[in-house]
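Structure record follows, encoded as structure tokens.
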Number of protein chains: 2
Amino acid sequence: MSELHDVAVGAASERIAASLREAILSGEIAPGQWIRQEEVAARLGASRLPVREALRMLEAEGLTEHEANKGSRVPMLGMHEVAVVYQMRERLEPLALTESLPHLTPEQIAHLEQVQARIESDEGLPEFLALDREFHLMSYAGCPTERLVSTISRLWNATQHHRRAFMLLSGPERRWIVNSEHRLLLDAIRRRDAVDGERYLSGHIRRTRTELAQHPEVFAASSS
Amino acid sequence: MSELHDVAVGAASERIAASLREAILSGEIAPGQWIRQEEVAARLGASRLPVREALRMLEAEGLTEHEANKGSRVPMLGMHEVAVVYQMRERLEPLALTESLPHLTPEQIAHLEQVQARIESDEGLPEFLALDREFHLMSYAGCPTERLVSTISRLWNATQHHRRAFMLLSGPERRWIVNSEHRLLLDAIRRRDAVDGERYLSGHIRRTRTELAQHPEVFAASSS
DNA sequence: TGTTGACTGACTGGATCCAATCCCGCTCGA
DNA sequence: TCGAGCGGGATTGGATCCAGTCAGTCAACA
């Protein structure tokens with residue numbers, strides 16, 4: 001059957017949520033911008049009701065925030081909040097890695113290596129952002145606790161915009177450091193060494209945080 | 001105006017969410033139990049639509065989980081998942097405390113002391129559970145990052161049932177250790193000592209986790 | 001007697017219509 | 001000229017009705 005049909009059989013709210021999620025993560029919908037229910041419904045050919053449900057789902061994923069009688073929009077994070085989100089990641093992601101490591105299959109590890117190879121092949125910015133996200137989240141694929149992984153996903157979602165803005169202005173000349181960190185992390189994963197893995201991972205996140213803090217122009221003005 | 005009216009002016013979905021939240025946290029709705037939209041709508045005098053929205057809100061808070069075409073229910077956590085949730089708390093709550101400490105007002109600290117005094121006055125189990133929750137979450141009241149506090153709240157929500165079951169069968173004879181830990185934590189808060197605060201707090205959570213692990217009868221059978 | 005098939009009942013998912021709320025701009029008055 | 005009060009338009013929130021889907025049950029057939 002055609003993929004058009006496959007898309008259609010999925011629940012409408014799921015489909016709308018996927019579409020909005022893509023739009024938000026790609027930056028098409030900017031932080032602070034209101035998301036009009038009717039406009040989305042018309043564009044995706046559905047009623048407003050599944051749009052409302054989709055917005056609730058996205059809110060649960062940390063992608064939007066809702067205000068009564070005013071609507072939903074992508075949250076605008078200030079500098080300090082972004083720093084705290086990164087600190088949360090520094091503390092949670094090593095735990096997820098430790099939980100994941102014993103259950104990662106050789107196939108999953110091989111896939112991780114492929115993803116890292118594609119990252120190093122130096123593609124465009126959107127590809128880098130998607131691959132970097134896939135690399136890290138995939139390394140938690142063995143984690144038996146869904147709640148931990150989804151919590152981490154929320155943190156990634158919340159700062160996606162800042163990652164893109166930061167990579168845009170920092171340029172590709174500093175990607176070698178990401179690659180070095182990823183390689184060390186990947187090696188620890190191959191060896192299933194949780195201690196080394198936690199070390200490299202938290203260092204990777206922490207370095208990103210401190211570097212991000214030196215670029216205040218990435219963040220929204222506190223005018224909100 | 002009467003509080004009945006005050007309740008009514010709030011959005012219906014908010015009111016329904018608050019009612020369900022109370023029912024779940026109090027144990028009235030047991031884990032694994034399906035929540036029928038129509039039944040809730042009839043009981044609270046509303047249509048099914050705000051009930052659906054309320055269930056989405058609760059899902060965002062980690063109180064329910066949703067399955068397409070089947071409905072919502074309170075998640076049943078296995079032993080390992082509860083342990084991981086506690087480890088997440090061990091890593092996140094010290095961060096929240098450190099973030100909160102500089103901004104806690106003397107009034108808030110005084111309130112914390114009152115809550116601890118009420119905990120030590122040895123009231124019933126429901127009161128203890130509510131006060132213990134209030135004690136910890138209140139200590140994060142100064143945290144300027146809402147996202148961090150709400151993430152922690154989700155973790156508390158997820159394991160509320162197990163806390164109650166554990167306290168029920170362990171009895172009140174071991175509450176002195178909670179009080180000792182709370183007092184040390186409270187003293188660190190009074191001194192605004194983040195290092196000591198993190199130490200006592202993570203130790204408090206960790207001890208609870210290990211003690212909980214010795215009571216497998218608290219957890220749902222893996223029959224789900 | 002065991003198994004498979006369709007039927008039925010209940011429940012969730014979605015669409016349309018109506019009510020309540022909020023924001024913005026306008027007007028009137030001091 | 002500035003501020004308070006007041007509509008009008010737009011947008012969200014809620015109710016009712018209909019369609020789709022799942023599970024459990026009963027009956028018929030091998």
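Below, chain A is the first sequence line, B the second, and so on; all start at residue 1. Since the structure is predicted, the reported quantities are computational estimates derived from the model, not experimental observations.
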**Study point:** Residues that A:H103 engages under side-chain contact (heavy atoms from CB on, under 4.5 Å), provided they are two or more places apart
**Key:** A:P144

Check your understanding: Between B:H136 and B:H204, what is the ring plane arrangement, given parallel below 30°, perpendicular above 60°, and tilted in between?
Key -> parallel

Practice item. From the options A:H162, A:R163, A:H161, select the one residue that forms a side chain to side chain donor-acceptor pair (under 3.5 Å) with A:T159. Key: A:R163

**Study point:** Along DNA chain C (nearest heavy atom to each residue), the more 5'-positioned of B:A68 and A:S47
**Key:** B:A68

Between [atom2] on [N] and [atom1] on [X], what's the gap in Å once rounded to a whole number?
X     : N      : atom1 : atom2 : value
A:E14 : D:dG20 : CD    : P     : 19 Å
B:E67 : D:dT21 : CD    : P     : 17 Å
B:R56 : D:dG13 : CZ    : P     : 15 Å
A:L55 : D:dT12 : CG    : C1'   : 11 Å
B:L44 : D:dG14 : CG    : P     : 13 Å
A:E53 : C:dT12 : CD    : P     : 12 Å
B:L49 : C:dG14 : CG    : C1'   : 10 Å

Review point. Quick one: salt bridge (charged side-chain N to carboxylate O under 4.0 Å, His left out) partners of A:R206, sequence neighbours excluded?
Key: none

Ignoring backbone atoms, establish whether [X] has a side-chain N or O less than 4.0 Å from OP1 or OP2 of [N].
X     : N      : answer
A:H66 : D:dG13 : yes
A:S13 : C:dG14 : yes
A:K70 : C:dC23 : yes

Point to revise | DNA chain D contacts made by residues 33-41 of chain B, counting heavy atoms under 4.0 Å | key: none

Check your understanding: Under a 4.0 Å N-O cut-off, is there an ion pair linking B:E28 with B:R43?
Key -> no

Check your understanding: Is it true that A:E39 and A:R36 have a side-chain N and a carboxylate O under 4.0 angstrom from each other?
Key -> no

Check your understanding: Does the base of C:dG14 carry an N or O that pairs as donor and acceptor with the side chain of A:R48 under 3.5 Å?
Key -> no

Point to revise | N/O donor-acceptor pair, side chain B:R52 with base C:dG14, under 3.5 angstrom | key: yes

Check your understanding: Between B:S153 (side chain) and B:V149 (backbone), is there a donor-acceptor pair under 3.5 Å?
Key -> yes

Check your understanding: Which of these nucleotides, C:dA15, D:dA15, D:dG13, is closest to any side-chain atom of A:N69?
Key -> D:dG13

